[in-house]
Amino acid sequence: MGSTKGGNIGEFEELALLVVGTLNNNAYGVSVRNFLMEETGRKVNISAVHEVLKRLEKKAYIRSEIGGSTEERGGRRKKLFFLTAEGKQVLDRSRELRNGLYNRIPELKFNFSGLL
Amino acid sequence: MKPIPPGLPDKFLQWFCRDDLLEYIRGDLHELYGDRLAQSGKVKADLAFCWDVLRFFRLSNIRSSQNTFKSMFMLKNYLKVGYRSLKKNWKNSLINISGLSLSVGCAITTFLFADFFFNLNSIHTNKANIYQVVSHIEENQADELYGPSPMIIGEKLKADLPEIQEYVRVQYKRGNVKFGKNVFRELIQFADPAYLAMFDFPLVAGDRNALTAQSIFISSAIAKKYFGNIEPIGKRIDIKFGESVKSFDVAGVFGEVPANTSFRPKILLHMDQYLKLEAASTNWIDEAKATFVSVNPSARSSKLDQQLKKYQLIQNEANPSNPVTAYELIPFTEVSGMAGKIGDSVVQGNDKSGTIGIAVTGLLLILFACLNYINIAIASATMRLKEIGVRKVMGGSRKGIASQFLTENFLTCAFAMVVGTLACYFLLLPGFNQLSPIAIPFSFSSLPIAIFYFLGLFLLLGFLSGSYPAFYISRFQVLNIFKGERSLGGRNYLSKVLLTLQFFLAFVTILGCFIFTDHAQYTKQIGWGYEPSGILAFPIQDKKHLEALRNEADKHPQVIQTATSQHHIGVNNHLVPFSHLNHQFKILTYDVEPGYLETMNMTLLTGRFFEKKQGDRNTIVVNELFVEKMKWSDPIGESILMDGVRRTVVGVVANVYHAFFDNDIMRPMVFTAHAAEPNFLILQVTDESIVSVNEHLKSQWTEIAPFDPYVSVYQADLFDRAYDNVDANTWFMLSLSVLTIFLSCLGLYGLLAFTLQNRVKEFSIRKVLGASRLSIVGLANQEFVWILAISLGLGTLLGIWLMPKITESFFAIAKPFSIVPVVVCLLITFFTIVLTVFAQIRKVTKVNPATVLRGE
């Protein structure tokens with residue numbers, strides 16, 4: 001499904017996927033949001049996070065489990081997200097592509113600076 | 001300690017959110033709330049919480065999106081069942097829906113009326129800044145508002161007060177307007193050139209700045225009347241005022257002016273023309289019919305009113321015989337709502353309280369209709385108890401059953417709305433317009449208002465009439481329904497009180513209508529004090545024309561006699577001051593030629609009529625009321641001082657009407673035998689030939705006066721407008737009475753159906769045990785007899801007490817009190833009620849006890 005399409009995912013989706021991977025075992029709505037806000041400095045609404053997580057789960061890049069409840073949640077349980085193998089693949093592919101493209105940049109830069 | 005976020009958004013979230021997502025979403029939101037509370041305080045956290053909840057309100061999170069199929073399916077079922085039950089009880093449904101439709105129609109009509117009058121003059125964009133200078137005068141020791149103001153006051157205000165930007169004076173005068181062969185007498189408006197800038201009357205041709213002393217502006221209706229299809233701009237129109245003829249070039253044509261405009265120009269001339277024609281000048285004595293000023297929006301008018309004080313002093317000094325007590329600037333938007341309060345006002349409108357009264361009547365009608373509907377709806381639902389029981393047993397929730405009945409109800413209401421709108425468009429509004437002097441179009445002041453009103457009415461109707469039955473019915477316990485222990489029907493005190501009130505109001509209206517009609521008939525029958533049918537009157541200014549027409553009339557064999565006069569009873573009633581024994585009076589005075597009284601068929605009581613001799617110039621004939629007022633025991637030979645001349649009474653005539661249906665249709669009158677400037681030619685013709693004489697004279701008229709229109713008045717038609725007015729009032733009251741009695745009977749019908757439905761078993765058992773039909777009818781009606789007795793009794797008392805007061809304000813002549821209209825009304829109401837009750841009671845008395853009792 002998602003992977004057969006070549007793993008085309010949007011920028012925000014990719015960020016969320018990375019965060020879910022990073023947060024390992026503790027990725028749920030609020031933690032993903034807070035992490036995203038800290039790392040990117042953007043304002044992120046919780047509903048947007050929920051939407052993107054829903055979409056990623058549908059594409060099978062992440063899976064969810066029912067987590068434990070805490071006092072500050074009023075005894076409500078968390079929905080914890082984990083990176084799947086497919087999700088990891090998409091991230092790898094995306095990283096390769098980026099690195100490949102990125103690696104060409106320093107040469108250009110070098111050439112210009114050499115002229116100076 | 002766990003922080004608690006604001007309850008309302010939290011509840012909202014719980015309401016809309018899908019169950020499988022709710023826990024996580026809510027958990028996340030609460031956790032975030034706690035963080036925010038610690039970081040940035042309660043207010044910010046609350047706001048952020050609300051915002052987040054709103055952000056979650058999206059289709060993919062909303063619960064009902066999954067249930068659409070089921071509710072659509074149920075809706076179809078509800079509609080089908082609703083339609084079937086309507087069809088099954090089609091008689092009830094028909095009566096019910098027609099009652100509802102009728103009230104909807106009335107509500108729409110009254111709303112159109114109120115909307116029309118609350119949005120008068122919407123074409124004038126600057127109307128909020130326009131004020132009229134209104135005078136306060138003292139009349140009969142009371143403060144009265146008076147529309148006209150001194151010619152000079154606008155100019156002074158503009159010069160002295162910086163807030164006043166512009167002023168416009170308006171005056172009117174009649175003149176004979178001629179173009180080619182078309183000659184008509186028209187009312188001509190005169191105004192200052194700023195008039196066209198202050199008011200936004202649309203122009204279809206010409207220039208707003210082109211109003212000069214030589215130019216004329218006309219309405220498109222006038223343009224069509226005189227020019228037909230010829231282009232009017234630049235054409236020359238002749239207007240004859242009195243003796244002088246003036247020419248004007250058409251400089252502008254007004255377009256269609258919306259019906260909700262308080263005053264509109266038909267023919268407009270420059271104010272200077274008026275001043276010249278009337279030899280008036282811009283001073284404190286000559287008056288403009290109205291002075292409008294436009295005020296700088298930032299200026300406060302309360303301060304302005306104080307500054308107006310000094311003009312009152314100046315005016316009082318300049319014109320001591322007609323002093324004003326104060327000047328006031330009244331907003332143009334309010335002037336139109338004060339019609340009737342401002343004397344001699346040029347701005348038409350309706351009294352604000354009248355408009356509100358009509359709107360409230362509309363609302364009350366809707367309310368009554370809804371209450372009746374509720375009664376009938378509950379009654380008809382009792383016939384569907386089994387259905388409700390089955391639905392509940394099959395798992396129908398209370399909510400489901402309530403929504404079923406609401407859906408049905410909204411369907412009925414939608415139908416009633418459509419029928420009501422059609423009834424308003426085709427029946428009620430045209431009828432209403434026929435009765436009122438202004439034709440109100442079927443249009444709303446703006447589209448949003450129309451949508452808002454129709455939607456609001458629909459929801460109001462639907463919920464008001466539907467919610468109580470729906471929730472009442474859905475509350476029934478299944479077990480009780482099937483056991484037969486219907487806890488229906490409580491005591492229903494409220495419906496009974498309301499029904500009493502309805503019948504009371506209905507009866508008072510009917511009684512009012514009857515007494516009014518009875519009075520009108522009586523006043524028509526007793527005559528005017530003289531026989532008007534053979535009298536033909538011609539208002540003619542020009543003495544030459546008058547003489548020529550008189551010669552023509554004298555030649556005609558059917559003309560019995562002719563007379564001229566300066567004033568004419570009923571057409572030109574003229575008040576003249578005179579003094580008697582140091583008392584000042586104002587009295588209706590008619591300067592007539594000897595022979596006028598005979599021509600008018602007046603009845604001589606004592607003395608003699610005028611004779612054609614020089615000595616009679618200073619004699620007068622008076623009427624009975626005048627003798628009464630003077631307290632003369634032997635009037636012949638008495639004298640009064642009038643116009644500085646002592647005049648002696650030579651005869652007394654019977655009282656005649658000079659107006660109709662007014663408060664003072666008969667007043668003291670004086671006739672003098674000296675008509676210095678005759679304005680009227682009066683003919684006495686044999687009754688049957690009056691039309692042919694009129695036709696004959698009309699054919700002769702064009703030769704006599706090609707420049708003047710032919711105007712003749714049948715004296716018998718003189719009070720037609722008053723008659724029409726009374727007829728219109730009668731019709732209005734009649735329709736209102738029919739409506740109220742119809743709605744009340746509907747309510748009675750519903751309540752009766754409700755009661756009988758509950759007691760049908762009781763009656764059956766009574767029957768089995770040998771009760772007679774009559775006693776059952778008695779039992780069934782027991783409680784309603786009281787309702788009717790109370791409402792009719794109170795209604796009769798109020799009617800008898802109130803109606804003379806109302807008729808007094810309409811009719812000058814009081815009809816001796818008679819019980820006949822009251823009895824007729826009682827009979828009519830009683831039979832309507834019996835008719836309503838009969839159909840229902842018959843069912844109970846006819847029913848076979850076996851069929852009712854078998855069910856157990």
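Numbers restart at 1 for each chain; the letters A, B, ... are given by sequence-line order, proteins then strands.
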To the nearest 0.5 Å, tell me how far [X] [atom1] sits from [Y] [atom2].
X: A:I66; Y: B:Y24; atom1: CD1; atom2: OH; value: 2.5 Å
X: A:R76; Y: B:L29; atom1: CZ; atom2: CG; value: 9.5 Å
X: A:I46; Y: B:I25; atom1: CD1; atom2: CD1; value: 9.0 Å

* Please lay out, stage by stage, how A:H50 and B:F56 fare under the test side chain to side chain contact (heavy atoms under 4.5 Å, CB included). => CA-CA 9 Å; A:H50 273 250; B:F56 271 109; 3.6 Å; yes

Would you say [atom1] of [X] has more than 12 non-hydrogen atoms from neighbouring residues, nucleotides or ligands within 6.0 angstrom?
X: A:F12; atom1: CZ; answer: yes
X: B:F12; atom1: CZ; answer: yes
X: B:R58; atom1: CZ; answer: yes
X: B:L8; atom1: CG; answer: no
X: A:R98; atom1: CZ; answer: no

* Residues B:D28, A:R73: salt bridge by 4.0 Å N-O rule ->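 Judged by the 4.0 Å cut-off on N to carboxylate O distance, B:D28 and A:R73 do form a salt bridge.
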
* Beyond-backbone contact of A:K54 with B:N61, side-chain heavy atoms, under 4.5 angstrom ->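 Touching, per the 4.5 Å side-chain cut-off.
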
* Do the side chain of B:E23 and the main chain of A:R77 share a donor and acceptor less than 3.5 angstrom apart? ->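 Side chain of B:E23 to backbone of A:R77: a pair is present.
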
